[in-house]
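Written out below as structure tokens is the structure these notes cover.
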Amino acid sequence: MTSADTPIERPASAASVVVEARGLGRTFTLHTPWTSRLVDRAAPRRIVAVDDVSFTIARGRTLALVGESGCGKSTLARLMVGLDEPTRGSAWVDRADVRATLAGPEDTARALRRRMQMVFQDPYASLNPRWRIGDIVAEPLLEQGLILPAQAPARVDALLASVGLEGLDTRRFPHQFSGGQRQRISLARAISTSPEFLVCDEPTSSLDVSVQAQVLNLLVDLQRERALTCLFISHNLVVVRYVADEVGVMYLGRLVELAPRDELFAAPRHPYTRMLLAAVPDLHGRGRERAPVLGEVPDPLSPPPGCAFHPRCPHANERCRVERPALKPSGAVQVACHAVEEGRL
């Protein structure tokens, strides 16, 4: 992987929008013991995991989502590929409503599934330990009817070669591979159906730094070769700066800032974005006073009124405590912050 100071450059594209979220939201109802419901008349407890999220991704581009654990990034990723159903709003892939299409005729749903794939966070849990690698990679092709069983060995060999593995590996089981190799196998399986939309949910978080670099370089190469449209989720801002074209910052289920990569890293607008970037180690910032990370993430079962970030924000005023800011454009950036809107920040 190149230095964090030299992120991947992709030519600007005027291609059509491939992926879109429109007011997407997901609320989960938590289990309440029947004794509490019967004796205490306890109402069901609900948690808003994703709340009114909207964005677009153009063909061949990458949108990265960042934020602290529990902010709703992984839930949003699952909503985008139809693994979870939205409570409100909708996800669209190439002008197809994901939820409606997957609930429709089987041939239409199958075609949409083929066009979107996901690489999961844990390479140890995402592969069936009882299956050989050849069967794991061939499964999507056979399920989609893209090849005949007799064609599977040659196709699997080609897919494994594209991610830097060998054809002899098809007879081995997942436990015989390292974490980085397993994530390469996951990538081979994900690209086997030639998808247009690829979701990567923290694909390198469980890998050491050198293996992270190999997997990220492989992912970038595959995206260039296949014109993949990507939604990339990560805690690591150095990784995000390397792979992303745009960055969305999430806090307690909502987008608080959405900006082109270079602009976000050069001039972050939202106080939460500034806090995240200030926490990144910087070799050139030796001797510079570093602002501490303030407070803790609020309880999502009882979020604060107004702006959810106001208990941790040094710029909060009375308006922030009572009125929730909307995501509004500010030049090339969209930001949800009263302080930015009022010119106080």
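What you see below is based on every heavy atom in this structure, not just the backbone, and it leaves out hydrogens, waters and symmetry mates. Everything numeric in this text was worked out from a predicted model, so none of it was measured.
In this structure, the side chains of Pro174 and Asn128 stay at 4.5 Å or more apart for every pair of heavy atoms. Side-chain contact between Leu258 and Val333 is absent, with no heavy atoms from C-beta onward closer than 4.5 Å. The shortest side-chain heavy-atom distance between Leu63 and Asp245 does not fall under the 4.5 Å cut-off. Here the side chains of Arg321 and Pro305 are not in contact, with every heavy-atom distance at 4.5 Å or above. Proximity of Val256 to Val335: side-chain heavy atoms (C-beta onward) are nowhere separated by under 4.5 Å.
Checked by atom type and distance alone, the side chain of Gln176 pairs as donor or acceptor with a backbone atom of Phe173 at under 3.5 Å. Gln117 places a side-chain N or O within 3.5 Å of a backbone atom of Arg113 that can act as its donor or acceptor partner. Between the side chain of Asn317 and the backbone N or O of Cys320 there is at least one donor-acceptor pair closer than 3.5 Å. A side-chain donor-acceptor contact under 3.5 Å links Gln181 to the backbone of Ser178. Within the 3.5 Å criterion, the main-chain N or O of Leu148 finds a donor-acceptor partner in the side chain of Gln151. Counting only distance, with no hydrogens or angles, the side chain of Gln183 and the backbone of Pro203 share a donor-acceptor pair below 3.5 Å. At distances below 3.5 Å, not a single donor-acceptor pair connects side-chain atoms of Arg324 with backbone N or O atoms of Cys307. One N or O on the side chain of Thr229 and one on the backbone of Gly60 form a donor-acceptor pair closer than 3.5 Å. At least one donor-acceptor pair under 3.5 Å links the side chain of His338 to the backbone N or O of Glu323. One N or O on the side chain of Gln212 and one on the backbone of Thr204 form a donor-acceptor pair closer than 3.5 Å.
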side-chain contact (heavy atoms from CB on, under 4.5 Å) between Tyr272 and Val249, intermediate numbers included: CA-CA 8 Å; Tyr272 179 59; Val249 182; 3.6 Å; yes

Test log, rule side-chain contact (heavy atoms from CB on, under 4.5 Å), inputs Asp52 and Leu24: CA-CA 5 Å; Asp52 194 24; Leu24 206 56; over 6 Å; no

Candidate pair Arg261 and Tyr242, rule side chain to side chain donor-acceptor pair (under 3.5 Å), full reasoning: CA-CA 9 Å; Arg261 175 199 63 203; Tyr242 180 68; over 6 Å; no

Audit row: Ile57, Val18, side-chain contact (heavy atoms from CB on, under 4.5 Å) steps and yes/no: CA-CA 6 Å; Ile57 314 176; Val18 174; over 6 Å; no

Audit row: Leu219, Cys200, side-chain contact (heavy atoms from CB on, under 4.5 Å) steps and yes/no: CA-CA 10 Å; Leu219 179 62; Cys200 299; 3.9 Å; yes

Pair Ser330-Arg269, side chain to side chain donor-acceptor pair (under 3.5 Å): steps then yes or no: CA-CA 9 Å; Ser330 176; Arg269 306 287 183 87; 2.7 Å; yes

Side chain to side chain donor-acceptor pair (under 3.5 Å) assessment of Gln223 paired with Thr62: CA-CA 9 Å; Gln223 184 180 17; Thr62 297; 2.7 Å; yes

Candidate pair Arg254 and Asp51, rule salt bridge (charged side-chain N to carboxylate O under 4.0 Å, His left out), full reasoning: CA-CA 5 Å; Arg254 292 175 63 88; Asp51 188 12; 3.6 Å; yes

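Rounded to the nearest 0.5 angstrom, Arg114 CZ and Ser192 OG are separated by 11.0 Å. Considering CG of Leu277 and CZ of Phe265, their distance stands at 6.0 Å, rounded to 0.5 Å. Between Ser162 atom OG and Leu218 atom CG the span is 7.5 Å, to the nearest 0.5 Å. Atom CZ of Arg344 sits about 8.5 Å away from atom NE2 of His315, to the nearest 0.5 Å. Distance check, rounded to the nearest 0.5 Å: OG of Ser16 to CZ of Arg95 gives 6.5 Å. Between the CZ atom of Phe55 and the CD atom of Glu246 there is a distance of 10.5 Å, given to the nearest 0.5 Å.
Residues Arg22 and Glu20 are paired through a salt bridge, judged by an N-O separation under 4.0 Å between the basic side chain and the carboxylate. Salt-bridge annotation for Glu166 and Arg172: absent, with no side-chain N of the basic residue lying under 4.0 Å from a carboxylate O of the acidic one.
No hydrogens or angles considered: a donor-acceptor pair under 3.5 Å links the side chains of Glu257 and Thr273.
Pairs passing the salt bridge (charged side-chain N to carboxylate O under 4.0 Å, His left out) check and including a residue from residues 135-154, sequence neighbours excluded, do not occur. For residues 122-134, no residue pair satisfies the salt bridge (charged side-chain N to carboxylate O under 4.0 Å, His left out) rule, not counting sequence neighbours. Residue pairs meeting the salt bridge (charged side-chain N to carboxylate O under 4.0 Å, His left out) criterion with at least one partner in residues 189-198, sequence neighbours excluded, are Arg59-Glu196, Arg115-Glu196.
In the hydrophobic clustering of ILVMFWY residues, with side-chain heavy atoms under 4.5 Å counting as a link, Leu165 and Tyr124 come out apart. Cluster membership check: Met116 does not share its hydrophobic cluster with Leu198, using side-chain heavy-atom separations under 4.5 Å among Ile, Leu, Val, Met, Phe, Trp and Tyr. Using a 4.5 Å cut-off between side-chain heavy atoms of Ile, Leu, Val, Met, Phe, Trp and Tyr, with links allowed through other members, Phe232 and Ile191 fall into the same hydrophobic cluster. Linking Ile, Leu, Val, Met, Phe, Trp and Tyr residues whenever their side-chain heavy atoms come within less than 4.5 Å places Ile233 and Val98 in a single cluster. Leu231 and Leu102 fall within a single hydrophobic cluster, where Ile, Leu, Val, Met, Phe, Trp and Tyr are joined by side-chain heavy atoms under 4.5 Å apart, directly or via other members.
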Compile the donor-acceptor pairs under 3.5 Å between side chains in residues 72-84 and protein atoms, sequence neighbours left out, one pair per line.
residue, atom, partner, partner atom, Å
Lys73, NZ, Gly67, O, 3.0
Lys73, NZ, Glu68, O, 3.4
Ser74, OG, Asp201, OD1, 3.1
Ser74, OG, Asp201, OD2, 3.0
Arg78, NE, Asp84, OD2, 3.3

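When the ring pair (Phe, Tyr, Trp, His ring centres under 6.0 Å) test is applied to His270, the partners found at least two apart in sequence or on another chain are Phe309.
Shown here for Ala259 and Leu264, the closest heavy-atom pair between the two residues is CB-CB, 4.0 Å. Nearest heavy atom pair, residue Ala64 against residue Ala244, reads CB-CB, 3.6 Å. In terms of heavy atoms, Ala152 sits closest to Ile147 at CA-CD1, 3.6 Å. Nearest approach of Pro304 to Pro298, heavy atoms of both residues: CD-CB, 3.6 Å. Nearest heavy atom pair, residue Ala188 against residue Leu160, reads CB-CD2, 4.3 Å. In terms of heavy atoms, Asn236 sits closest to Ser234 at N-OG, 2.9 Å.
Both tests do not hold together for Arg182 against Phe177: distance to the six-membered ring centre under 6.0 Å, angle to the ring axis within 45°.
Summarising the local packing, CZ of Arg45 is surrounded by 12 or fewer heavy atoms from other residues, nucleotides or ligands at distances under 6.0 Å.
Hydrophobic clustering, defined by side-chain heavy atoms of Ile, Leu, Val, Met, Phe, Trp and Tyr closer than 4.5 Å, groups Phe28 together with Leu30, Ile47, Leu301.
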